[in-house]
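Quick notes on the structure that follows.
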2 protein chains.
Amino acid sequence: MAKIGIRYTKPRKLVFEALTHFSKPTSVAEINSYLKNRINLTSIYRTLDLLKKSDLVNVILFGEGKKRYELKDKDEHHHHLVCENCGDVKDIEMQETNMLKNVEEQSKFKVLKHNLEFFGLCQDCQ
Amino acid sequence: MAKIGIRYTKPRKLVFEALTHFSKPTSVAEINSYLKNRINLTSIYRTLDLLKKSDLVNVILFGEGKKRYELKDKDEHHHHLVCENCGDVKDIEMQETNMLKNVEEQSKFKVLKHNLEFFGLCQDCQ
DNA sequence: GACATATTGCAAGTCATTTGCAATAATGAG
DNA sequence: CTCATTATTGCAAATGACTTGCAATATGTC
């Protein structure tokens, strides 16, 4: 009879491996060229969708017209510093409960999530 | 002889009018359907690029895979509250100099710009 | 009004992402 | 282990947002 389940397949192993390898917000194109045709592009997209639905990755937007994906493992919630010169991405943690509380009080809006990314120049590029 | 200048043309009037009409972050598709084929889609894109270069509009990303444009007129720098149920967008102003200062101190990174948008439920949809 | 050139419209192209579908492979049953 | 069930993949084609090339057009100037 019908059983349902999620299978541990080659594409899923490989995408996970690629995300671990980069350990920063990574685009589909980067994953694809790292995996060098070992799996199909479409499978990368589908696997990333699955990882997102399973809450194993964060989707990050830097406004480049494409999505970036980051494993949710280590650190909890954090944001990014993106160097506009060298492209380097660093994580930054910040205390934001006050900010969120202020926003909710000021607006009567229930905040469920937010985007916060910083763009500028890293120490080396300044 | 050669004179250089920016011309005040029909497409530019119309795009400005559309942005004024919506007075919230507006997508190219919305502008286009509001203007109902009075100008070409390409011209909308080009006009918005021009307005952006001239620092007359802000480009806003809500992570939908497309850009939104907002006239820079009235308020200065502000962020948005986007209702995930009804799609309504409200502006919110906040004191963020401290946050930026903290980030720069903590990271030695020079912050030039940032994205900050909130998603959740507006008062009516909660 | 005529000219120089900034600007437009159209068609085609690009890039990221999605979808349909037949072929394939992972897992539970026997 | 073998088979059957069905989740999953690969491929090709489609979609959506946006860009580009270029000839046709419109604007501001003299």
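Just so we're on the same page: letters track the sequence lines, and every chain starts at 1.
- Rounded to 10 degrees, the angle separating the terminal axes of the helix from C:dG1-D:dC30 to C:dG30-D:dC1 is 30°, with each axis obtained from five end pairs.
- Applying the 4.0 Å criterion to OP1 and OP2 of C:dA26, one finds that A:T9 has every side-chain N and O outside that range.
- Proximity note for A:T42 (side chain, C-beta onward) versus C:dT18, D:dT9, D:dT27: the nearest is C:dT18.
- Between A:E96 and A:H77, the side chains place a donor N or O and an acceptor N or O closer than 3.5 Å (distance only, hydrogens not considered).
- Rounded to whole angstrom, the span from the CD1 atom of B:I44 across to the C1' atom of C:dT7 amounts to 15 Å.
- Each of A:K90, A:E70, A:E93 was evaluated against A:H78; a single residue qualifies, A:E70, per the side chain to side chain donor-acceptor pair (under 3.5 Å) test.
- In this structure, the ring pair (Phe, Tyr, Trp, His ring centres under 6.0 Å) partners of A:Y34, at least two apart in sequence or on a different chain, are A:H21, A:F22.
- One finds a side-chain N or O of B:Y45 lying less than 4.0 angstrom from the OP1 or OP2 phosphate oxygen of D:dC18.
- The separation between A:I6 atom CD1 and D:dT9 atom C1' is 16 Å, rounded to whole Å.
- The closest side-chain heavy-atom distance from A:V28 to A:K66 is not below 4.5 Å.
- Nucleotides of DNA chain C nearest to B:S43 and A:E64 differ in position, and the one nearer the 5' end is that of B:S43.
- Atom-to-atom, CG of A:L50 to P of D:dT8 comes out at 7 Å; the value is rounded to the nearest Å.
- Taking only side-chain atoms of A:R7, from C-beta outward, the nucleotide of D:dT6, C:dT8, D:dT27 with the closest atom is D:dT6.
- The side chain of A:V28 lies closest to C:dT17 when the candidates are C:dC10, C:dT27, C:dT17.
- D:dT9 atom C1' lies 13 Å from atom CG of A:L41, rounded to whole Å.
- Each of C:dT7, C:dG9, D:dC18 was ranked by its minimum atom distance to the side chain of B:K66; first place goes to D:dC18.
- Contact annotation: B:N40 reaches the phosphate of C:dC10 (side-chain N/O to OP1 or OP2, under 4.0 Å).
- Among the atoms of the strands shown, only primed sugar atoms or phosphate atoms (P, OP1, OP2) are found under 4.0 Å from some heavy atom of A:K67.
- Ring to ring, A:H79 and B:H114 are not that close: their centroids are 6.0 angstrom or more apart.
- Atoms OH (A:Y8) and P (D:dT9) sit 13 Å apart, rounded to a whole Å.
- Although no hydrogens or angles enter the test, the distance criterion places a donor-acceptor pair under 3.5 Å between the side chain of A:E104 and the main chain of A:V111.
- For the pair B:K10 and B:A29, nearest-nucleotide mapping onto DNA chain D gives the more 5' position to B:A29.
- Regarding A:R38, its CZ atom lies at a distance of 15 Å from the P atom of D:dT9, rounded to whole Å.
- Contact annotation: A:R46 side-chain N/O to D:dG10 OP1/OP2 distance is not under 4.0 Å.
- Between A:L48 atom CG and C:dT18 atom C1' there is a gap of 14 Å when expressed in whole angstrom units.
- Each side-chain hydrogen bond (donor to acceptor under 3.5 Å, both in side chains) pair with one or both residues in residues 36-49 of chain A, not counting sequence neighbours, appears once here: A:N40-A:T42.
- In this entry the distance linking CD1 of B:I39 with C1' of C:dT8 reads 10 Å, nearest Å.
- A distance-only check finds a donor-acceptor pair linking the side chain of B:R12 to the backbone of B:R7 [under 3.5 Å].
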